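The analysis underlying the following values was restricted to heavy atoms, covering all of them including side chains, and did not include hydrogens, waters or symmetry mates. Keep in mind that this is a model prediction, so the values were computed, not measured.
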Amino acid sequence: MTDSKYFTTTKKGEIFELKSELNSDKKEKKREAVKKVIASMTVGKDVSALFPDVVNCMQTDNLELKKLVYLYLMNYAKSQPDMAIMAVNTFVKDCEDANPLIRALAVRTMGCIRVDKITEYLCEPLRKCLKDEDPYVRKTAAVCVAKLYDINAQLVEDQGFLDQLKDLLSDSNPMVVANAVAALSEMNEASTSGSPLIEMNAQTINKLLTALNECTEWGQVFILDSLANYSPKDDREAQSICERITPRLAHANAAVVLSAVKVLMKFMEMLASESDFVSTLTKKLAPPLVTLLSSEPEVQYVALRNINLIVQKRPDILKHEMKVFFVKYNDPIYFKLEKLDIMIRLASQSNIAQVLSELKEYATEVDVDFVRKAVRAIGRCAIKVEQSAERCVSTLLDLIQTKVNYVVQEAIVVIKDIFRKYPNKYESIISTLCENLDTLDEPEARASMIWIIGEYAERIDNADELLESFLEGFHDENTQVQLQLLTAIVKLFLKRPSDTQELVQQVLSLATQDSDNPDLRDRGFIYWRLLSTDPAAAKEVVLAEKPLISEETDLLEPTLLDELICHISSLASVYHKPPTAFVEGRAGLRKSLPARAGSQENVREPAAEASVIPTQESLIGDLLSMDISAPTVISNPTPAVDLLGGGLDTLLGGDVGTTAPPINQSTSGLLGDIFDFTPTPTMYMVPKIMWLPADKGKGLEIYGSFSRKGGQIFMEFTFTNKAMQAMTGFAIQLNKNSFGLTPAKPLQVLSPLPPGATHECSLQLATTGGVQRMEPLNNLQVAIKNNIDVFYFACLVPMNVYFAEDGQMDKRLFLSTWKEIPAQNELQYTLANLNLNADGIVQKMQQNNVFTIAKRNVEGQDMLYQSLKLTNGIWVLNELKIQPGNPNITLSLKSRALDVAPGIFQSYDNILHS
């Protein structure tokens, strides 16, 4: 008979019946009663009233019954903590049972009962089980340490369980090792310090690699993940680890394979890219990744998302495997789109013919989303592989001839990008595009076509008629179409002023008088002022040469890509977002790849970012909503020619007596003075404070501070000898710290330093030392040695010395990054009692490497948008709200690493009050 009988009952007074059965003398009846209790608990009935009766059943040799009672205890102990204490003696007794299964069961259950009163009784049995002769008990106890750490972290550290866990890493049983690694990994994730609880060394790593070959697949995943967090001391160690991990690539479990790939991708960064070993490893990585694409759909998708990251970092790995990513007819749509993305990343001159042939085939499919993506992919191929551009344009023209509406519209959108990439090369096809003007109904396609007409108006005889046809339904158009139409007609006017004056007046009137869209109105007013006051300037602005778009249009930011490579085989690699973006309350420093072998720079600068082709929507928050302060060049005033004839009166129907006052620009400008008139800015330095008093320094007194000069960080010292003897042999050492500060040169102090003498000196620092999270983040522990003794002290490094010179973010990147960072990663701070206007703040902050990206006035208050970058690559975006007459300024900060916020706030306060 099955166990389903326990879930059905017709008895009244069921709890009373169960109570009497639980207290029965017959073992069989007692076991049946406990099963009924568990069944009731499973379906949601409250059987907590039976707690003392069930606990009494713990005193049994029957393993099945004991398991059931323990299950009940885990469920109800939290709601009945006082009753749960009754079970402690049985737990302690079971932890010394002759049967290892019972010992393990007891310690596992105690770890799952999250009651503080029981936790203190758990320590002694757990300590014994960690040294148990049976490996099953030891591996269960290892996991129990992690559970206990989650309940009471301080208790685990005080009771020495961390040291016992470290001993288990050297255990003879591979499963014990794997569980110890898993427990440590979980505890590291939960740790608020951000630094590893146990430092891995070469000896420990060797033991983990030995256990790797013998433990279960999940044990292997835990060990591989732990290895990925280890930093080898040199390239020889990295190569040795890679050689021992490579066999895992042939494992049947996809998680093991991807974890191995993650370790290899990380350690390959430390090896010389031209070495034979890296070349061999690159070849070995391809087959396992290809094999993953033969798995079930869910695994395939995870593999594809991870491969997308891998080919961005190292396209050579899969450059010969293009056919694997060709779309199958029965692939789900999310497969198809991901494969298309990877195909574009792998496209090169050698395989472009094959890729184009496939893409043209895809463009005739029935799935509309997939067809759109395929047409866009053809355009991306043209931009990426110059030799194929002509063939791509020809393919796109063939697709336009099909007259399939959505295909035509997508083709026009990508042809606009091709024109941007290859100016004056393929404009002969414009007439073909104009034939399809009437069929365009999607905003992006209409905007693209309008851009083409405006950009090449001099080549299109009836450009004015074409644009006028769009103007008829101006108010019904999407915002991006209206903005593009306004710009296109102004371009046409500047190229053919004689016969388009009426058209430009009409569009400017529509944009400035009849529209309620602020972006459109602002752009209309800007164009009008340009045209009516300085036509030459209007031409320079509106008809300026466009920068060429980049080859890759959607690469991830290099620092983000490096971080995601460190998270291969996790959810972050599927979302393509760092864990902090979707895991609430996640602490710890961001992971990043080690510096590449052969790099001259110890601190890796991010590679030049690819300019993403933005969608028209993303351009709405452009120069109109944010006003970049740039230096103005004052020229001799010349009478302006009013190209519009009627001027402002004609457009706005009003009379303007005075022109708008010029914008007050800072003399230095945001991008620096191009004429080199700007004096070297003076960066703020915190006043020196006493770091080491004479009574603790045996007569040596040290005052100090930190400064940043010429892109370098310096420690500024004042040494005073208050002892009776001369001091010599000065040396300094810095402990590991959050930003990797380390001396770049030896400490140069006057030697000997006579009694009563004072000496000032500077010590240049680098940011290439060991990194360990400190509390607070900017804490620095220092040791200074002389002929008398070694002296230790700690000091706080002001955050502004970490502000790097390359912290000016591109405006569009600023906008997109601000939107990407989640709302919970925004903090606010009030800067009190400041008597500075916006220009004064811009100037002061720029002198300290905080760059103003944009400035605007909203409802009478000035808004400043600023970016800064720390030496460890962390970006911080700030927004300041300045109300005239109010001495308090609101500072809103956004960053992916909020730990730096208190230091940034303090630096703003110090700099602006200086």
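- For the atom pair CG of Leu836 and NE2 of His913, the computed distance is 8.5 Å after rounding to the nearest 0.5 Å.
- Under the 3.5 Å distance criterion, the side-chain polar atoms of Lys894 are matched with a main-chain donor or acceptor of Ile821.
- If you run side chain to side chain contact (heavy atoms under 4.5 Å, CB included) between Thr852 and each of Val842, Ile841, Asn878, only Val842 comes through.
- Shown here for Pro578 and Leu560, the closest heavy-atom pair between the two residues is CD-CD1, 3.5 Å.
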Evaluation steps, side-chain contact (heavy atoms from CB on, under 4.5 Å), between Met845 and Gln847: CA-CA 5 Å; Met845 296 314 296; Gln847 288 172 353; over 6 Å; no

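- At least one donor-acceptor pair closer than 3.5 Å links the side chain of His576 to the backbone N or O of Arg305.
- Between Tyr829 and Tyr908, the ring centre distance reaches or exceeds 6.0 Å.
- Atom OH of residue Tyr865 and atom CD of residue Glu879 lie 4.0 Å apart, to the nearest 0.5 angstrom.
- Closest heavy-atom contact between Asn735 and Leu780: O-CD1, 4.5 Å.
- Looking only at side-chain heavy atoms (C-beta outward), Leu880 and Thr890 stay at 4.5 Å or farther from each other.
- Tested against Phe706 for a ring pair (Phe, Tyr, Trp, His ring centres under 6.0 Å), the candidates Phe803, Trp691, Tyr802, Phe714 yield a single pass: Trp691.
- Around atom OH of Tyr792, no more than 12 heavy atoms belonging to other residues, nucleotides or ligands sit under 6.0 Å away.
- No donor-acceptor pair closer than 3.5 Å links the side chain of Thr282 to the backbone N or O of Ile317.
- In terms of heavy atoms, Lys736 sits closest to Met774 at O-SD, 3.5 Å.
- Defined by atom type and a distance below 3.5 Å, a donor-acceptor pair is present between the side-chain atoms of Asn910 and Gln906.
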Residue pair Lys262, Leu224: steps toward the side-chain contact (heavy atoms from CB on, under 4.5 Å) verdict: CA-CA 8 Å; Lys262 171 169 62 182; Leu224 287 167; over 6 Å; no

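- Ring centroid separation for the pair Tyr703 and Phe717 does not come in under the 6.0 Å cut-off.
- To the nearest 0.5 Å, atom OG of residue Ser231 and atom CZ of residue Phe267 are 7.0 Å apart.
- One distance of note links OG of Ser892 with CG of Leu827; it measures 9.0 Å at 0.5 Å rounding.
- Residues Cys795 and Val782 have side chains in contact (heavy-atom distance under 4.5 Å, counting atoms from C-beta outward).
- A side-chain donor from one of Asn306 and Ser573 sits under 3.5 Å from a side-chain acceptor of the other.
- Side-chain contact check for Val900 versus Val876: some heavy-atom pair is nearer than 4.5 Å.
- If you look at Trp875 and Phe851, their ring centroids are not closer than 6.0 Å.
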Residues Val771, Asn737; criterion side-chain contact (heavy atoms from CB on, under 4.5 Å); working and verdict: CA-CA 5 Å; Val771 175; Asn737 52 82; over 6 Å; no

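- Looking at heavy atoms from C-beta onward, Leu796 lies in side-chain contact with Pro776 at the 4.5 angstrom threshold.
- Here the side chain of Ser705 pairs a donor or acceptor atom with the backbone of Val686 at under 3.5 angstrom.
- With Leu912 as the fixed residue, the side chain to side chain contact (heavy atoms under 4.5 Å, CB included) test singles out one of Leu891, Leu834, Asn848: Leu834.
- Remark: the Asn308 side chain and the Arg345 side chain contain an N/O donor-acceptor pair separated by less than 3.5 Å.
- A side-chain donor from one of Asn201 and Thr204 sits under 3.5 Å from a side-chain acceptor of the other.
- The pair Glu563-Arg896 fails the salt-bridge criterion, with no side-chain N (NZ, NE, NH1 or NH2) lying under 4.0 Å from an Asp/Glu carboxylate O.
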Test side-chain contact (heavy atoms from CB on, under 4.5 Å) applied to Ile904 and Leu893, step by step: CA-CA 9 Å; Ile904 304 283; Leu893 175 150; 3.7 Å; yes

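- For Ser226 (side chain) and Phe222 (main-chain N/O), no donor-acceptor pair under 3.5 Å exists by modelled atom type.
- The environment of CD in Glu826 is crowded: more than 12 heavy-atom neighbours from other residues, nucleotides or ligands sit within 6.0 Å.
- Using a 4.5 Å heavy-atom cutoff, the side chains of Leu162 and Glu157 are in contact.
- Separation of atoms OG1 (Thr767) and CD (Gln712) is listed at 8.5 Å; rounding is to 0.5 Å.
- Using a 4.5 Å heavy-atom threshold, the side chains of Lys869 and Asp806 count as touching.
- Enclosure of atom CD in Gln733 is not indicated, since only 12 or fewer non-hydrogen atoms of other residues, nucleotides or ligands lie within 6.0 angstrom.
- No cation-pi contact links Lys785 to Phe791, judged by a cut-off of 6.0 Å to the six-membered ring centre and 45° from its axis.
- Side-chain contact between Gln239 and Met268 is absent, with no heavy atoms from C-beta onward closer than 4.5 Å.
- Annotation: side chain of Leu868 is not in contact with side chain of Met809 (no heavy-atom distance under 4.5 Å).
- Side-chain contact of Asn206 with Arg244: a donor-acceptor pair under 3.5 Å is present, judged by distance alone.
- The number of heavy atoms from other shown groups lying within 6.0 Å of NZ (Lys577) does not exceed 12.
- The backbone N or O of Cys242 lies less than 3.5 Å from a partner atom in the side chain of Thr246, making a donor-acceptor pair.
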